[in-house]
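Here, residue 1 is the first one in the sequence, and each next residue gets the next number.
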Amino acid sequence: MAIRKLRSSTVVLGGMGVLAAVITSCGSEPDKRCVDPLTREKLPSYECKNSSGSGSYYYGGSSKNGKVEGGSFNKSAVDRGGFGCSGTAGG
């Protein structure tokens with residue numbers, strides 16, 4: 001049975017990928033979508049950027065059939081849940 005030795009560059013590159021995933025999972029912003037706060041239907045982004053717009057940003061969660069669920073209008077209540085991160089989730 002032949003045993004292949006891994007090259008050190010392969011091991012280093014693999015380790016760098018894991019490190020990058022850990023760093024980005026903790027420091028990333030949660031997904032945000034512009035939605036109608038009453039119906040939770042997705043709106044164009046200008047509805048949230050414009051001060052006279054009718055939308056609000058909805059953080060995290062998912063979108064199904066044009067409506068959002070499983071997230072929050074409160075950005076700090078959304079936990080990214082990445083590897084090695086700590087935090088609390090809320091709704």
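Note on V78 and Y57: same hydrophobic cluster, where clusters join Ile, Leu, Val, Met, Phe, Trp and Tyr whose side-chain heavy atoms are under 4.5 Å apart, directly or indirectly.
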For residues 34-46, dump all side-chain donor-acceptor pairs below 3.5 Å to protein atoms at least two apart in sequence or in another chain.
unit_1: D36; atom_1: OD1; unit_2: L38; atom_2: N; d: 2.7
unit_1: D36; atom_1: OD1; unit_2: T39; atom_2: N; d: 3.1
unit_1: T39; atom_1: OG1; unit_2: E41; atom_2: N; d: 3.3
unit_1: R40; atom_1: NH1; unit_2: Y58; atom_2: OH; d: 3.4

Atom pairs and distances, side-chain donor-acceptor, residues 59-71, under 3.5 Å, sequence neighbours left out:
none

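In summary, the side chains of S76 and N74 do present a donor paired with an acceptor at a separation below 3.5 Å, with no hydrogens or angles considered.
If you take SG on C48 and CZ on R33, they are separated by 12.0 Å, rounding to the nearest 0.5 Å.
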